[in-house]
Chemist: 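What follows is a structure written as structure tokens; I'll ask about it next.
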Amino acid sequence: MSLFAAIRRAATTTTLFPLLSKPYSNIPLDTVYGGPKPQNPSQRITLSHLRQKHKRGEPITVVTGYDYPSAVHIDGAGIDVCLVGDSAAMVVHGHDTTLPVTVDEMLVHCRAVARGMRRALLVGDLPFGSYESGSGQAVDTAVRFLKEGGMDAIKLEGGSPSRITAAKAIVEAGIAVMGHVGLTPQAISVLGGFRPQGKNVASAVKVVETALALQDAGCFSVVLECVPPSVAAAATSALKIPTIGIGAGPFCSGQVLVYHDLLGMMQHPHHAKVTPKFCKQYSQVGEVINKALSEYKEEVTNGSFPGPSHSPYNISPTDFTNFLNELQRMGLETAASAAAEAAEKIEKAGTTNRSDD
């Protein structure tokens, strides 16, 4: 039988097309172009999921985190988006502004967060100096954030024509972009410091116009920082994409706060200086940390730590005797005496603890 005859014969059955097409993919045939499927809470958040939440009017939750432990906590809480922000320059590295942090430093933070994240959408913040020179530089930096940093999307600040062009170029390169208007910390040189925006007619209109321009450039969302609630409400109403507020009132599509800030983690005067007054502290983790460190210092100082329960590794009596003999053979009688005395103290302390139990 010829090959063509065999194919014609097989075509009379219902098995031809599955046999020919299934090997090309391990994905069931009806899921390749079958449209969006219901979101499973255990699956990664996608842009489609955020659009669905926005369409339903459900607030989007965003937290800025910088490392593996914070990522694990953020993900465990079911937060929608984790932003790896250039505010790491201030919160983690101790700078007074966000300007000093570099691409390489940001990528270290991105990779650490990506290793701890299983569900939330990951957005990496392009740092100052990494996209201002032109669209080529912007795309190259954004590509690094996805390939080397493990991010799902990037964020860039500002709404000048060059920033809009950069955002559009990144989107056209196939990378999702979150915009950022209002107070843009990377622009403190021209803003004259960390100053709220939208407090007069011209500034308020600029916030809305810039947000619209970023939407037109293809951004999937826009952060509104430090603007009056009414201005944020106007921008949110004018846009078809979600707005994420930070110090912008309750009328945005979602909210973002920094992990360290919302936990009340940092008590150092430097962090008090850079913690924004719009931030609500949901805990006082910093006080817990300080108390724990003080107790640790006290116990090390008075010799109560580590006790028997935190000294779990033992050497058998036979090996210990041979060990003492070897020390003496090496001429280390003092070391042998110290080892014997330590073993006696540990045994005595353990016996005391067992009797107390």
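No hydrogens, no waters, no symmetry mates; every other heavy atom, side chains included, goes into these values.
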Chemist: Is a side-chain donor or acceptor of Asn302 paired with a backbone partner of Glu298 at a separation under 3.5 angstrom?
Modeler: yes
Chemist: Taking it one step at a time, do Leu156 and His180 satisfy side chain to side chain contact (heavy atoms under 4.5 Å, CB included)?
Modeler: CA-CA 6 Å; Leu156 55 75; His180 184 158; over 6 Å; no
Chemist: Tracing side-chain links under 4.5 Å among I, L, V, M, F, W and Y, which residues wind up in one group with Tyr68?
Modeler: Val72
Chemist: Would a 4.5 Å heavy-atom cut-off, applied to side chains only, mark Leu126 and Phe145 as touching?
Modeler: yes
Chemist: Please check if the side chain of Glu299 supplies one atom and the backbone of Tyr296 the other of a donor-acceptor pair under 3.5 Å.
Modeler: no
Chemist: Mind listing the side-chain donor-acceptor pairs of residues 165-177 below 3.5 Å, one per line with the distance, residues two or more places apart or on another chain?
Modeler:
from, atom 1, to, atom 2, distance (Å)
Thr165, OG1, Pro161, O, 2.9

Chemist: Taking salt bridge (charged side-chain N to carboxylate O under 4.0 Å, His left out) as the definition, give me every residue that meets it alongside Glu58, ordered by chain and number, with sequence neighbours left out.
Modeler: Arg56
Chemist: Atom CZ in Phe251, atom OG1 in Thr236: separation rounded to 0.5 Å?
Modeler: 10.0 Å
Chemist: Just so I know, are the side chains of Val258 and Leu262 near enough to count as touching, which here means a heavy-atom distance under 4.5 Å?
Modeler: no
Chemist: Please name all residues satisfying ring-ring contact (aromatic ring centres under 6.0 Å, His included) with Tyr66, sequence neighbours left out, ordered by chain then number.
Modeler: His260
Chemist: Taking the hydrophobic residues Ile, Leu, Val, Met, Phe, Trp and Tyr, and joining any pair whose side-chain heavy atoms are under 4.5 Å apart, which ones share a cluster with Val288?
Modeler: none
Chemist: Is any side-chain heavy atom of Thr102 less than 4.5 Å from a side-chain heavy atom of Pro127?
Modeler: no
Chemist: Does Asp125 reach the main-chain N or O of Asp86 with its side chain, forming a donor-acceptor pair under 3.5 Å?
Modeler: yes
Chemist: Applying salt bridge (charged side-chain N to carboxylate O under 4.0 Å, His left out), can you list everything that pairs with Asp80, at least two apart in sequence or on another chain?
Modeler: Lys53
Chemist: For salt bridge (Lys or Arg N to Asp or Glu O under 4.0 Å), just list the numbers for Arg329 and Glu326, CA-CA rounded to whole Å, side-chain angles, deciding distance to a tenth of an Å, and then say yes or no.
Modeler: CA-CA 5 Å; Arg329 186 185 64 80; Glu326 283 297 313; 2.9 Å; yes
Chemist: Within the 4.5 Å heavy-atom criterion, are Asp104 and Arg144 side-chain neighbours or not?
Modeler: yes
Chemist: Within the structure provided, determine whether Val63 and Leu257 are in side-chain contact (heavy-atom separation under 4.5 Å).
Modeler: no
Chemist: Got a donor-acceptor contact below 3.5 angstrom from the Gln255 side chain to the Gly249 backbone?
Modeler: yes
Chemist: Is the side chain of Glu347 donor-acceptor paired with the backbone N or O of Ala343 at a distance under 3.5 Å, no angle test?
Modeler: no
Chemist: Whether the side chain of Ser253 engages the backbone of Ile244 through a donor-acceptor N/O pair (distance < 3.5 Å, no angle test) should be reported.
Modeler: no
Chemist: Any salt bridge between Arg111 and Asp67, counting N to O under 4.0 Å?
Modeler: no
Chemist: What verdict does the salt bridge (Lys or Arg N to Asp or Glu O under 4.0 Å) test give for Asp75 and Arg119, after you've listed the backbone C-alpha separation in whole Å, the side-chain angles of each residue and the deciding distance to 0.1 Å?
Modeler: CA-CA 6 Å; Asp75 210 42; Arg119 180 178 178 274; 5.9 Å; no
Chemist: Is it the case that Thr46 and Ser48 place a side-chain donor and acceptor less than 3.5 Å from each other?
Modeler: no
Chemist: List the steps, then state whether side chain to side chain contact (heavy atoms under 4.5 Å, CB included) holds for Arg163 with Glu132.
Modeler: CA-CA 7 Å; Arg163 303 294 177 92; Glu132 291 85 351; 3.6 Å; yes
Chemist: Has Gln137 got a side-chain atom pairing as donor or acceptor with Gly129's backbone, closer than 3.5 angstrom?
Modeler: yes
Chemist: Do Val84 and Thr64 come within less than 4.5 Å of each other through their side chains, counting heavy atoms only?
Modeler: no
Chemist: Members other than Val205 in its cluster, when Ile, Leu, Val, Met, Phe, Trp, Tyr link by side-chain heavy atoms under 4.5 Å?
Modeler: Val201
Chemist: Determine whether a donor-acceptor pair (N or O, by modelled atom type, separation under 3.5 Å) exists between the side chain of Ser203 and the backbone of Gly198.
Modeler: yes
Chemist: How would you list, by chain and number, every residue that makes a salt bridge (charged side-chain N to carboxylate O under 4.0 Å, His left out) with Lys240, sequence neighbours excluded?
Modeler: none
Chemist: Less than 4.5 Å apart, any side-chain heavy atom of Leu83 and any of Lys155?
Modeler: yes
Chemist: Looking at every heavy atom in both Cys110 and Met151, which two are closest together, and how far apart are they?
Modeler: O-CE, 3.4 Å
Chemist: Which residue pairs satisfy the ring pair (Phe, Tyr, Trp, His ring centres under 6.0 Å) criterion with at least one member in residues 310-336, sequence neighbours excluded?
Modeler: Phe305-His310
Chemist: If only atom types and distance count, is the side chain of Ser337 paired as donor or acceptor with the main-chain N or O of Glu333 below 3.5 Å?
Modeler: yes
Chemist: Does any pair with a residue in residues 96-119 pass ring pair (Phe, Tyr, Trp, His ring centres under 6.0 Å), and if so which ones, sequence neighbours excluded?
Modeler: His93-His109
Chemist: Can you list the residues that meet the salt bridge (charged side-chain N to carboxylate O under 4.0 Å, His left out) rule with Glu295, with sequence neighbours excluded?
Modeler: Lys291
Chemist: Which ILVMFWY residues can you reach from Val222 by hopping between side chains whose heavy atoms are under 4.5 Å apart?
Modeler: Ile164, Val181, Val207, Val208, Leu212, Leu214, Leu224, Val227, Val231, Leu239, Ile241
Chemist: Look at the side chain of Arg118 and the backbone N and O of Arg44, then say whether any donor-acceptor pair between them is shorter than 3.5 Å.
Modeler: no
Chemist: For a 4.5 angstrom cut-off between non-hydrogen side-chain atoms, does Tyr259 reach His73?
Modeler: yes
